[in-house]
A.B. asks: 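This is the structure, below, for whatever I ask next.
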Protein chains: 2
Amino acid sequence: MISDTLQISSHECDSCPIRHRAVCARCEADELEVLEQIKYYRSYEAGQTIVWSGDRMDFVASVVSGIATLSQAMEDGRTQMVGLLLPSDFVGRPGRDQAAYDVVATTDLVMCCFRRKPFEEMMSKTPHIAERLLEMTLDELDAAREWMLVLGRKTAREKIASLLAIIARRDATLRQNKLNGPLVFDLPLTREAMADYLGLTLETVSRQISALKRDGVIVLEGKRHVTVPDLGRLLEEAGDDADGGMLV
Amino acid sequence: MISDTLQISSHECDSCPIRHRAVCARCEADELEVLEQIKYYRSYEAGQTIVWSGDRMDFVASVVSGIATLSQAMEDGRTQMVGLLLPSDFVGRPGRDQAAYDVVATTDLVMCCFRRKPFEEMMSKTPHIAERLLEMTLDELDAAREWMLVLGRKTAREKIASLLAIIARRDATLRQNKLNGPLVFDLPLTREAMADYLGLTLETVSRQISALKRDGVIVLEGKRHVTVPDLGRLLEEAGDDADGGMLV
DNA sequence: CGTCTTTTTGATCCGCATCAAAAGGAGTGG
DNA sequence: CCACTCCTTTTGATGCGGATCAAAAAGACG
């Protein structure tokens, strides 16, 4: 199976699908021109490891399309996913030359890469990039902390419901759908990846999904295609306040 | 019990104990002068809640001395600590006016505060602050991800060992001690706070500390005073690679 | 149709939560 | 100095949720 994700319709930033959300979101036309000089695209097939933790990494990048995961491994093989990278998310850390995590393409993936050194130089010159990167990093920190509550205090059923809610909402906002009707989406993760995300085993994930299905919280067609008839109900199952937060 | 933490020896940034590590670390003399105009100190007693999640928060701050915690609560009362704030750590988020977490002083605490608006203005003018804040935020994100591995995949015993190792190392680097002899420190957290940090119950924390003591991994005098005879041994118990990472 | 991977389902076990109570320690007042 | 209360910590007994081990079922693909 050969991926054909290399076919980007255009290599110009103007028509880039993540133009308004990525690290370059705030750049002016002249700044984009400089970025276009140093950027290059790379694509990966589903399942490919992009970098191994500890490897030298001399680029940073934005996810253009597809999904990747960040995970950490213990010596005995236990692993925990610590980041889920969706289109527009940023990979790599300016100022660091060793990867801190394993980065794996979950689906076919296209990234917009910059060699690290030129990017760092550019960052120090154009505050728009550093500004946007700070904002994105703060958002990621919030997401990581939300996730810590899930990992530390939620039951298996609540964990699954939380993950489904996150995916359902991200998918809806990506397509700019509204959140009050039924939500329909495809799971981008295998049961194993979900287990890795939630600190569970894949058997427990499978059981809890079956239970949520049995209880009518979700409807499944096949293994991956999910319908959420009532997001409020799902949020209740996740242990979240269904009325507060994001919905209002 | 009245705290006397208000007595700062001097209010000048030059002699500030966190001068070289806080958000102002990279500031030049002229930039510090501006900061001195808008800064003010506040102190809190151990146990005091500094802000409640959801409250309006119109300042940002650096911890000068003492320890504070960030935590998140579920509706039914379950809570998870999501941040441990030590001297030089930053509190609050530029651009956001509602606190996202409960902030609680664990010990008597002094903070160096800036009203949010002037600080934001200053940030956009002086890249040194934004630069340093980005670096600090990236470090916090790394710490949060490390913590996610602890919460998601480690056993109770490993969790306790991990926390003790973190505190022991931070304490040693703060005092600029070396890491190869025995490490001695006081636990800044109650058993309950440790449980809250690690996603455990306080009973389990107590049992695992007793077990580590019984096995000679740590030595306790009283409830809070800890000696770690061999950090490598503690790191093994934490499930970490004793040779890799921070030690080298 | 057969092989390989992913997912589901079943049976059993163990780690940690829960409920309960005793044991320290610190501060207060007689 | 002791008796008292209040809070933190330890220890004990029991039960449950999720891990583990095992195998069947369902897709995916050649």
Side-chain angles (χ1 to χ4, degrees), chain A residues 1-3 45-47 74 76-80 104 106-108 150-164 186-215 218 220-226 237 239, chain B residues 1-3 45-47 74 76-80 106-107 150-164 186-215 218 220-226 237 239:
Chain A
M1 179 219 293
I2 301 293
S3 86
E45 292 178 29
M74 292 174 63
D76 62 7
R78 282 175 281 177
T79 67
Q80 174 65 53
V104 179
T106 289
T107 63
D108 285 354
V150 171
L151 289 173
R153 293 300 182 190
K154 291 195 178 181
T155 64
R157 173 185 258 251
E158 289 169 336
K159 285 179 174 180
I160 296 291
S162 298
L163 177 56
L164 292 175
D186 285 307
L187 280 175
L189 302 174
T190 65
R191 300 289 185 264
E192 188 179 18
M194 288 188 258
D196 203 2
Y197 186 105
L198 296 169
L200 298 171
T201 58
L202 64 88
E203 295 95 325
T204 299
V205 170
S206 180
R207 276 184 243 275
Q208 295 299 337
I209 288 182
S210 300
L212 289 174
K213 177 180 163 189
R214 186 180 334 111
D215 299 343
I218 57 174
L220 279 183
E221 289 166 76
K223 310 292 185 191
R224 295 294 191 90
H225 195 73
V226 181
E237 293 288 353
Chain B
M1 179 216 294
I2 301 292
S3 84
E45 292 179 26
M74 293 174 63
D76 62 7
R78 282 175 282 177
T79 66
Q80 173 66 52
T106 289
T107 63
V150 172
L151 289 172
R153 294 298 182 192
K154 291 195 177 179
T155 65
R157 182 182 177 99
E158 289 169 336
K159 284 179 175 181
I160 296 290
S162 299
L163 177 56
L164 291 175
D186 285 307
L187 281 175
L189 301 175
T190 64
R191 301 288 185 266
E192 188 180 16
M194 288 189 255
D196 203 2
Y197 187 103
L198 297 170
L200 297 170
T201 59
L202 64 89
E203 294 95 326
T204 299
V205 170
S206 179
R207 275 185 244 272
Q208 296 300 336
I209 288 182
S210 300
L212 289 175
K213 177 182 163 188
R214 184 180 336 111
D215 299 343
I218 58 174
L220 278 183
E221 288 167 77
K223 310 293 185 189
R224 295 293 192 88
H225 195 74
V226 182
E237 293 288 353

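None of the values given here were measured: they were computed from a predicted structure. Below, chains carry the letters A, B, ... as their sequence lines are ordered, and counting in each starts from 1. All values below come from the heavy atoms of this structure, side chains included, with hydrogens, waters and symmetry mates left out.
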A.B. asks: Take the protein atom CZ of Arg78(B) and the nucleotide atom P of dG17(D), then report the distance between them rounded to whole Å.
C.D. replies: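 My rounded result for the distance is 13 Å.
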A.B. asks: Any side-chain N or O of Ser206(B) less than 4.0 Å from the OP1 or OP2 oxygen of dT9(D)?
C.D. replies: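 No.
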A.B. asks: How many Å lie between NZ on Lys154(A) and P on dG18(D), as a whole number?
C.D. replies: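 One finds 13 Å between P of dG18(D) and NZ of Lys154(A), rounded.
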A.B. asks: Is the phosphate of dT11(D) approached by Ser210(B) (side-chain N or O, under 4.0 Å from OP1 or OP2)?
C.D. replies: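 For dT11(D), OP1 or OP2 has a side-chain N or O of Ser210(B) closer than 4.0 Å.
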A.B. asks: Given atom CE of Met194(A) and atom C1' of dT8(C), what is their separation to the nearest angstrom?
C.D. replies: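 To the nearest whole Å, that distance equals 13 Å.
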A.B. asks: To the side chain of Leu200(A), which of dT10(D), dA19(D), dA22(D) is closest?
C.D. replies: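 Selected nucleotide: dA19(D).
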A.B. asks: Decide yes or no on side-chain contact (heavy atoms from CB on, under 4.5 Å) for Lys159(A) and Thr204(A), but give the supporting numbers first.
C.D. replies: CA-CA 11 Å; Lys159(A) 285 179 174 180; Thr204(A) 299; over 6 Å; no
A.B. asks: Report the nucleotide, chosen from dT9(D), dA26(D), dA13(D), that has the shortest atom-to-atom distance to any side-chain atom of Arg207(B).
C.D. replies: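 Among dT9(D), dA26(D), dA13(D), the one nearest the side chain of Arg207(B) is dA13(D).
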A.B. asks: Side chain of Lys223(A), heavy atoms from C-beta onward: which of dG27(D), dC21(D), dT10(D) has the nearest atom to it?
C.D. replies: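 Output: dG27(D).
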A.B. asks: Rounded to whole angstrom units, what separation is found between the CG atom of Leu151(B) and the C1' atom of dC16(C)?
C.D. replies: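 That distance rounds to 15 Å.
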A.B. asks: What is the separation between atom CZ on Arg191(A) and atom P on dA28(D), rounded to the nearest whole Å?
C.D. replies: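 Distance check: Arg191(A) CZ to dA28(D) P gives 12 Å.
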A.B. asks: Rounded to the nearest angstrom, tell me the gap between atom CD in Glu203(A) and atom C1' in dT20(D).
C.D. replies: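 That distance rounds to 7 Å.
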A.B. asks: Toward the 5' end of DNA chain D, which comes first, Thr204(A) or Leu220(B), by nearest nucleotide?
C.D. replies: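 Closest to the 5' end, via its nearest nucleotide, is Leu220(B).
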A.B. asks: What nucleic acid atoms does Gly47(A) come within less than 4.0 Å of, heavy atoms only: base, sugar-phosphate, or nothing?
C.D. replies: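 The answer is nothing, as Gly47(A) stays clear of every strand by at least 4.0 Å.
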A.B. asks: With Val226(B) as reference, evaluate Asp186(B), Leu212(B), Ile218(B) under the side-chain contact (heavy atoms from CB on, under 4.5 Å) test and give the passing residue.
C.D. replies: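 Of the listed options, the one satisfying the test is Ile218(B).
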A.B. asks: Within the 4.5 Å heavy-atom criterion, are Glu237(A) and Leu164(A) side-chain neighbours or not?
C.D. replies: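 They are not in contact (no side-chain heavy atoms under 4.5 Å apart), so the answer is no.
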A.B. asks: Among Glu203(B), Arg157(B), Lys213(B), find the residue that satisfies the side-chain contact (heavy atoms from CB on, under 4.5 Å) test when tested with Gln208(B).
C.D. replies: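 When side-chain contact (heavy atoms from CB on, under 4.5 Å) is applied between Gln208(B) and each of Glu203(B), Arg157(B), Lys213(B), only Arg157(B) qualifies.
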A.B. asks: Assign each of Arg153(A) and Glu192(A) to its nearest nucleotide of DNA chain C by heavy atoms, then name whichever residue's nucleotide is nearer the 5' end.
C.D. replies: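 Taking each residue's closest nucleotide, the earlier one in sequence belongs to Glu192(A).
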A.B. asks: Is the phosphate of dT7(C) approached by Arg224(A) (side-chain N or O, under 4.0 Å from OP1 or OP2)?
C.D. replies: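 So the side-chain polar atoms of Arg224(A) do come within 4.0 Å of the phosphate oxygens OP1 or OP2 of dT7(C), strictly under.
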A.B. asks: Is there side-chain contact between Glu158(A) and Val150(A), with heavy atoms separated by less than 4.5 Å?
C.D. replies: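 The answer is no; the side chains never approach within 4.5 Å.
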A.B. asks: Side-chain donor or acceptor of Gln208(B) under 3.5 Å from a matching atom on the base of dC16(C)?
C.D. replies: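 Side chain to base: no pair below 3.5 Å.
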A.B. asks: If I take atom NZ in residue Lys213(B) and atom C1' in nucleotide dT10(D), what distance separates them, rounded to the nearest angstrom?
C.D. replies: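 Computing the Lys213(B):NZ to dT10(D):C1' distance gives 10 Å.
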A.B. asks: The side chain of Thr201(B) is closest to which nucleotide in this list: dT18(C), dG18(D), dT11(D)?
C.D. replies: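 Taking heavy atoms from C-beta onward, the closest nucleotide is dT18(C).
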A.B. asks: Counting side-chain heavy atoms from C-beta on, which of dC16(C), dG18(D), dA20(C) comes nearest to Thr155(A)?
C.D. replies: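 Minimum distance to the Thr155(A) side chain belongs to dG18(D).
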A.B. asks: Would you kindly compare Ile209(A) and Arg157(B) by the position of their nearest DNA chain C nucleotide and give the one closer to the 5′ end?
C.D. replies: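 It is Ile209(A), whose closest nucleotide lies nearer the 5' terminus.
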A.B. asks: Using whole Å, report how far CG of Leu202(A) lies from P of dT9(C).
C.D. replies: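 Rounded to whole Å, this separation is 14 Å.
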A.B. asks: If you define the side chain from C-beta out and look only at heavy atoms, does anything of Leu200(A) sit under 4.5 Å from Arg191(A)?
C.D. replies: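 No, side chains not in contact.
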